[in-house]
Every structure is written in C-alpha cells, then in structure tokens.
Enquirer: 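Just dropping this structure here.
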Amino acid sequence: QLQLAESGGGLVQPGGSLRLSCTASRTTLDYYAIGWFRQAPGKEREGVSCISRSSTSSTNYADSVKGRFTISRDNAKNTVYLQMNSLKPEDAAVYYCAANQRPWCTPMSDIRSYTDWGQGTQVTVSS
C-alpha cells in the first residue's frame, strides 16, 4: 500500500496559479502512473491529468484544463507535480493524487484502476 501525500493547495484569486505536489515517503513512484483527480462539493470525482511511469512520462489532460494545467514528475525528488495556471472558480475542489496499479495512464474515468490515494489538498479560487 502506497502512502501518498498532496500539498500545495490554498486560496488563490481567479487567474492565479498554484503548484500541487504528490509524494510518497517510503516508496519510489517511478514505476507507477500517477493521476490527479478533483472533487467539488456535491459533485462526482473527476480525472484532471495523468502521467505515466518515469521512463516515458506520457501525459493526459481533461479537456477542461488543457492549456492551463501541466503535469510533470521529478524523479530525484520522488514527486509528481500539477502546475495550475489561469485558475477559474470552476477549478475549486479538493485535489487528490492517486497511483495506478499499472505503469500506463488508463482512462481516468475508470477510477478503479487507481488504487492508492492521498488525503487530498484543498484548492479555493475566489476573489
């Protein structure tokens, strides 16, 4: 069981930026595809972005965040990032990172493939 932890959330004004981090304290993330998901109050959890194992680092993005969000990984720091720019009020949610049981980014709509989850970090976009 992976122990994942998210950080970097907070309050930002519309148009602002945040960078979220996903780390594992005892296990390398190199061999896992890592996805970012978000859940707003009263809504279902939705996939935001995914990056494959570190040797390939292929990426997927939800249409709603393409051109604004960037997922990346730093192997030396054992960290996966989600850089969020041009934030909108609609982006406000609890953001989670999750490890896929496979090294590839399976469809984020198939949440069952993402088996190990962090506790989430709150992102608030408001004036």
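Computed from a predicted model, the values in this text were never measured in an experiment.
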Enquirer: Which heavy-atom pair separates Cys105 from Ser58 by the least distance, and what is that distance?
Expert: SG-O, 4.3 Å
Enquirer: Side-chain heavy atoms nearer than 4.5 Å, only ILVMFWY residues, links allowed to pass through others: does that put Ile34 and Tyr114 together?
Expert: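 Different clusters.
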Enquirer: Just distance, no hydrogens or angles: give the donor-acceptor pairs under 3.5 Å from side chains in residues 74-84, sequence neighbours left out.
Expert:
from, atom 1, to, atom 2, distance (Å)
Asp74, OD1, Ala76, N, 3.1
Asp74, OD1, Lys77, N, 3.3
Asn78, OD1, Leu29, N, 2.8
Asn78, ND2, Ala24, O, 3.0
Asn78, ND2, Thr27, O, 3.0
Thr79, OG1, Lys77, O, 2.8
Gln83, NE2, Asn85, OD1, 3.0

Enquirer: Can you tell me how far the CD atom of Glu46 sits from the CD1 atom of Ile111, to the nearest 0.5 Å?
Expert: 9.5 Å
Enquirer: Stepwise, does the side chain to side chain contact (heavy atoms under 4.5 Å, CB included) test hold for Arg102 with Ser113?
Expert: CA-CA 8 Å; Arg102 298 183 177 182; Ser113 295; over 6 Å; no
Enquirer: Closest approach of Val125 and Pro89, non-hydrogen atoms and distance?
Expert: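 So the minimum-distance heavy-atom pair works out to CG1-N, 3.7 Å.
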Enquirer: If you round to the nearest 0.5 Å, how far is CZ of Arg38 from OG of Ser49?
Expert: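 Result: 11.0 Å between the selected atoms.
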Enquirer: Hydrophobic cluster membership, with links at side-chain heavy-atom distances under 4.5 Å among I/L/V/M/F/W/Y: are Ile71 and Val94 in one?
Expert: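 No, it is not one cluster - the side chains of Ile71 and Val94 are not joined through contacts under 4.5 Å.
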Enquirer: Any chance you could lay out the side chain to side chain contact (heavy atoms under 4.5 Å, CB included) test for Thr106 and Asn100, step after step, and finish with the verdict?
Expert: CA-CA 8 Å; Thr106 56; Asn100 200 300; 2.6 Å; yes
Enquirer: Between Trp36 and Met108, does the side chain to side chain contact (heavy atoms under 4.5 Å, CB included) criterion hold? Intermediate values first, please.
Expert: CA-CA 9 Å; Trp36 283 98; Met108 289 181 287; over 6 Å; no
Enquirer: Just verifying a value: how many Å separate Thr23 OG1 and Gln3 CD, rounded to the nearest 0.5 Å?
Expert: 11.0 Å
Enquirer: Under 6.0 Å from the CZ atom of Arg68, do we count more than 12 heavy atoms belonging to anything else shown?
Expert: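 Above 12, so yes.
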Enquirer: Would you check if the side chain of Ser52 reaches a backbone N or O of Ser57 as a donor-acceptor pair within less than 3.5 Å?
Expert: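 Yes, the answer is positive, given that a donor and an acceptor are paired below the 3.5 Å cut-off.
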Enquirer: If Ile, Leu, Val, Met, Phe, Trp and Tyr residues are connected whenever their side-chain heavy atoms lie under 4.5 Å apart, and connections chain through other members, are Phe69 and Tyr96 in the same group?
Expert: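 Looking at the clustering, Tyr96 is in a separate group from Phe69.
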Enquirer: Determine whether a donor-acceptor pair (N or O, by modelled atom type, separation under 3.5 Å) exists between the side chain of Glu6 and the backbone of Gln119.
Expert: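 Confirmed, Glu6 side chain pairs with Gln119 backbone.
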Enquirer: Return the minimal non-hydrogen interatomic distance between Ser127 and Pro14, and the atom names on each side.
Expert: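 In this case the closest contact between Ser127 and Pro14 is OG-CD, 3.7 Å.
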Enquirer: Which value, rounded to the nearest 0.5 Å, describes the distance between Leu2 atom CG and Arg26 atom CZ?
Expert: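 CZ of Arg26 is found 12.0 Å from CG of Leu2.
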Enquirer: Shared ILVMFWY cluster between Ile51 and Tyr61, side chains joined below 4.5 angstrom?
Expert: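 Looking at the clustering, Tyr61 is in the same group as Ile51.
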Enquirer: For a quick test of reading the model, state the closest non-hydrogen atom pair linking Leu20 to Val123 and the distance between them.
Expert: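 Looking at all heavy atoms of both residues, the shortest contact is CD2-CG2, 4.1 Å.
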Enquirer: What I'd like to find out is whether the side chain of Tyr95 reaches to under 4.5 Å of the side chain of Gln39, using heavy atoms alone.
Expert: no
Enquirer: Does a side-chain heavy-atom distance below 4.5 Å link Val12 with Ser17?
Expert: no
Enquirer: Go through Tyr32 and Gln101 one step at a time and tell me if the side chain to side chain contact (heavy atoms under 4.5 Å, CB included) criterion holds.
Expert: CA-CA 7 Å; Tyr32 297 91; Gln101 62 181 334; over 6 Å; no
Enquirer: Under 30°, 30 to 60°, or over 60°: which ring-plane class applies to Phe37 and Trp117, parallel, tilted or perpendicular?
Expert: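 Tilted.
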Enquirer: Which residues end up grouped with Tyr31 if you chain together Ile, Leu, Val, Met, Phe, Trp and Tyr wherever their side-chain heavy atoms are less than 4.5 Å apart?
Expert: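 Its cluster partners, ordered by chain and number, are none at all.
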Enquirer: For Asp63 and Lys66: C-alpha separation, side-chain torsions, deciding distance, then whether salt bridge (charged side-chain N to carboxylate O under 4.0 Å, His left out) applies.
Expert: CA-CA 5 Å; Asp63 289 341; Lys66 286 182 179 178; 3.2 Å; yes
